[in-house]
Amino acid sequence: MSDYDFLRIEKEWQEYWRSHNLFNVKMDESKEKYYVLEMFPYPSGRIHMGHVRNYTIGDVIARYRMQAGFNVLHPIGFDAFGQPAENAAIKHKTGPKEWTENCISWMVKELKQMGFSYDWDRELSTHRPQYYKWNQWIFLKMFEKGLAYKKSSGVNWCASCETTLANEEVVNGGCWRCHTEVEQKELDQWYLKITEYQDALLEDLELLNDWPERVITMQKNWIGKSYGLEIYFPEVDTGTLIPVFTTRADTIFGATYVVLAPEHPLLDEMIKGRSREKDVREFIERVSRESKISRMSADVKKEGIFTGCFAVNPVNYEKIPIWTADYVLMDYGTGAIMAVPTHDQRDFLFAGEHRLPMRVVIQSPNTPNQLPEKMTQAYEAGGILVNSAQFDGMDNEAAKEKIALWMEEEKIGQRKVFFRLRDWLISRQRYWGTPIPVIYCRQCGIVPVPEKDLPVTLPDKIEISGTGGSPLSKVKEFVDAACPKCGGPGQRETDTMATFFDSSWYFLRYCSPQQNEAVFDKQEAKYWMTVDQYIGGIEHAVLHLLYSRFFAKFFRTLGLVDFKEPFRKLLTQGMVLKDGEVMSKSKGNIVDPDEMIKKYGADSLRLFILFAAPPEAEFDWNERGMDGAWRFLTRVWTLVQNFRELKQAALTQPLPIQEKELEFKLHAVIKKVTEEMKGGFKFNTAISSLMELTNEIMPVLRRAEETKRIGPVLEQAVRTLVILLSPITPHMCEELWKLFGSRESIIKTAWPRYDPAKLQKDEITLVLQVNGKVRSKITVPADIAEEELKTRALDDTKIKEWVKGKSVKKIFVVKNKLVNILLEG
RNA sequence: GGGCGAGUGGUGGAAUGGCAUACACGAUGGACUUAAAAUCCAUUGGCCUAACGGCUAUAAGGGUUCGACUCCCUUCUCGCCCACCA
């Protein structure tokens, strides 16, 4: 008997799969396709446990689908542009390209060592011109449709990365990559008009029934649609209308002051020449110096100042003061609010601080006739309107609608919908990204690079210092370009695209990665898309997944695709931790997959990472579990070897009694494992059921060895075990399958089906309860009549003891499960 | 502040109205061995009991139910996401 020599086995089978092109697929209309995709990695050099987990999950699903008869597309590539390559290039005194390609070849090697079933012919990397050419093409199409535009505005700026950031890339007021506090800067930048699709992006979330609820919620919150009313408050002296946005039109009669954001454009005109002008300007100046993070933090006291101006509340002609305060944000709504201190907690605190007037307009059912001065906090719940003229006595929810309609009639307000979503800022002042294909001409202005001139390639020879602005702007040969329109001297855009642009459509490129005449082949995309199963980290819940949805919708507008949503099903796998912390180089707590592969083999690693926790949960790495995984594989290995030896010497006999139980277990396990592979994805319990099956096969095999007789179920069980395990630990299972005499890969073997008839038992064991407590067990024919069952339950020796001297009130029977005898008293 | 999720043995976890603690790790004892490792066998929530067995336990408290880890209410703790969003 040979040992389980995983190093040899894994190497040989990886070579077999490669040389037989087992995972290279072609479009085939006669077969049902299945597209399984894992989020492609950033080529940082080595794969980490997070990758191992992500890609193992995907690989198991892909291999199962192959055996279930699907034409499976399972590609991989690299999200290769981005800042770390620039930083690494500076550090290692090399070019970003050399560094990146070096990393890619390392990672390819490691991914292959894991035995993943990728179609390597489709491998792509976003830093290659044949890929980013199409980034530029997409950009031009967007430009043509008015969806890519340049504007000057306050942007998020990371001083450490020396670049701008999209709103989605600002996490807790810091840069998502380096956590440096984000500053505000006024810059002229390129934006993509994602807001064009805001309604579709929100509505189509309804189609994503197989996405985790929390991702849907996060996207909904991010898009942030709110229905409300825009109300116009005239300024007393000039009559200038101040538009204010509110979702609480029902509280309009309680508005006792108006607040403008310090950046509000109307403010300047309003205070000019007024007595308080100097103080107000000082205040505005001070706020503008505050960082976003400190201004937005909840525990900082809200500051504000009276402008010296007054507005008229259009519903009751009351003269109310106009303030400016840092708790009102310019980039939401209209940048101005009506303050209702009695019914909004923020206004309540601010009004209290600055002794501003308050009026109750919604009466709480619990505290009628509430006086503002008695309130300790704002009353934000519902109730009946008071102090609200003709709306008095109305329920506040009903009043919302009525007041809105009335104000529209009176032309003092207008119903409006506001979104929180902002257009996507894509300019980055960095080198290692896709050049934005635009030329600036003194005569013609912004001129897009003609399609025939694509790609605009990144210059190779470049100095990257990490300081002093955009590296591309220093490359004269790159910057100088003739204007495509007039032929005159022009200058290229030196900003590059945010790398999330690259990853927003890579899944489409996989359908036809060699297609050099188009962004992707329409027919191929029609066949392969949409992605049936997408797997990746929760950290992309908003960023990548929102951008990709946007791109899909744009391609639909172009008529290139006919689906609305790119990813049908989404699985967000949990993080792999070490001692409760994220593994990172700086913490020095990295567990290198490569070491684990050398020590235990890829199959053990794959098995363990799936067995340790359900895919969606976080899990804390613990090497002891690796021993367990390895031990299980060795057990299976030995089991199959022993079976083979026995088979050569033993006689076949008809189904012996001890195989009956095994047969039931076998079919139950086929059912369980198939369900998890198909969509349950609880691989941890699927594996435990395979362990149970193994545990049940062992004594039967031992008995067969003693009697030198093998029954048909034992053989079926051993073979099926190997097949069921093969998506998880493919190398070992291939080897075992070969030992069974197969000349083909196990992947060509049809997935087993369970026989429902075999799951029917002749006899069943039921639990007998007295007053809800388990007191005994009873084995009865499966088809026993209820009355007969009751009689036999009461006849049970132990039950008799419990029932003795008491009267039975009622007997509950749950079919195939239990009998509960309820006693009197 | 809002939203979502979680809390089960020494550990990872299983069970989503019906036998709580599957499967595994670890631990303890035993077999094999000169010995160790590996392997195999047994035990393993807590308490009581010589044993049969009993009692008790799923963050805490209450409720619904014949029956609750599971459903409902209250509270606590942790995690994640969003957050002066008007």
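In what follows, every chain begins at residue 1, and chains take the letters A, B, ... in the order their sequences are listed. Keep in mind that the numbers below use all heavy atoms, side chains included, and drop hydrogens, waters and symmetry copies.
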Heavy atoms only, 4.0 Å cut-off, all strands: where does [X] land among base, sugar-phosphate and nothing?
X	answer
A:Arg775	sugar-phosphate
A:Gly625	nothing
A:Phe611	base
A:Asp344	nothing
A:Asn695	sugar-phosphate
A:Val767	base
A:Lys773	sugar-phosphate
A:Gln345	nothing
A:Leu822	sugar-phosphate

Would you tell me if any nitrogen or oxygen in the side chain of [X] comes within less than 4.0 Å of OP1 or OP2 on [N]?
X	N	result
A:Asn684	B:A24	no
A:Arg631	B:G26	yes
A:Arg214	B:A6	no

Rounded [atom1] spacing from [N] to [M] in Å:
N	M	atom1	answer
B:A15	B:G67	C1'	16 Å
B:C66	B:G54	C1'	22 Å
B:A59	B:C78	C1'	11 Å
B:C69	B:U56	C1'	16 Å
B:A14	B:A20	C1'	10 Å

Send over the distance from [X] [atom1] to [N] [atom2], rounded to a whole Å.
X	N	atom1	atom2	result
A:Asp250	B:A86	CG	C1'	13 Å
A:Trp637	B:U39	CH2	P	17 Å
A:Ile223	B:C81	CD1	P	19 Å
A:Glu618	B:C78	CD	P	16 Å
A:Lys817	B:A20	NZ	P	13 Å
A:Ile821	B:C66	CD1	P	16 Å

Worksheet item: Is there side-chain contact between A:Leu766 and A:Lys777, with heavy atoms separated by less than 4.5 Å?
Response: no

Worksheet item: Are the side chains of A:His354 and A:Phe306 in touch, meaning some heavy atoms are under 4.5 Å apart?
Response: no

Let's test this: given Watson-Crick or G-U wobble pairing with both distances under 3.5 Å, identify the partner of [N].
N	value
B:C69	none
B:A22	none
B:A36	none
B:C55	B:G46
B:G5	B:C78

Worksheet item: RNA chain B: A:Lys672 or A:Lys798, which has the more 5' nearest nucleotide?
Response: A:Lys672

Worksheet item: Where each residue is assigned the nucleotide of RNA chain B containing its nearest heavy atom, which of A:Glu692 and A:Ala613 is assigned the position nearer the 5′ end?
Response: A:Ala613

Worksheet item: Is A:Tyr332 stacked on the base of B:C85, meaning ring centres closer than 5.5 Å and planes within 30 degrees of each other?
Response: no

Discussion item. So, under a plain 3.5 Å distance rule, would you say the side chain of A:Asn221 forms a donor-acceptor pair with the base of B:C82?
Written reply: no

Item to complete: Return yes if the base of B:C19 and the side-chain atoms of A:Lys777 contain a donor-acceptor N/O pair under 3.5 Å, otherwise no.
Response: yes

Item to complete: Under the side chain to side chain contact (heavy atoms under 4.5 Å, CB included) rule, what do A:Ile337 and A:Tyr327 come out as? Steps first, then yes or no, please.
Response: CA-CA 10 Å; A:Ile337 62 154; A:Tyr327 79 97; 3.9 Å; yes

Worksheet, complete the sentence: Assigned chi class of B:G9 under the 90° convention is syn

Worksheet, complete the sentence: Which of B:G18, B:C85, B:G26 is nearest the side chain of A:Leu818? It is B:G18

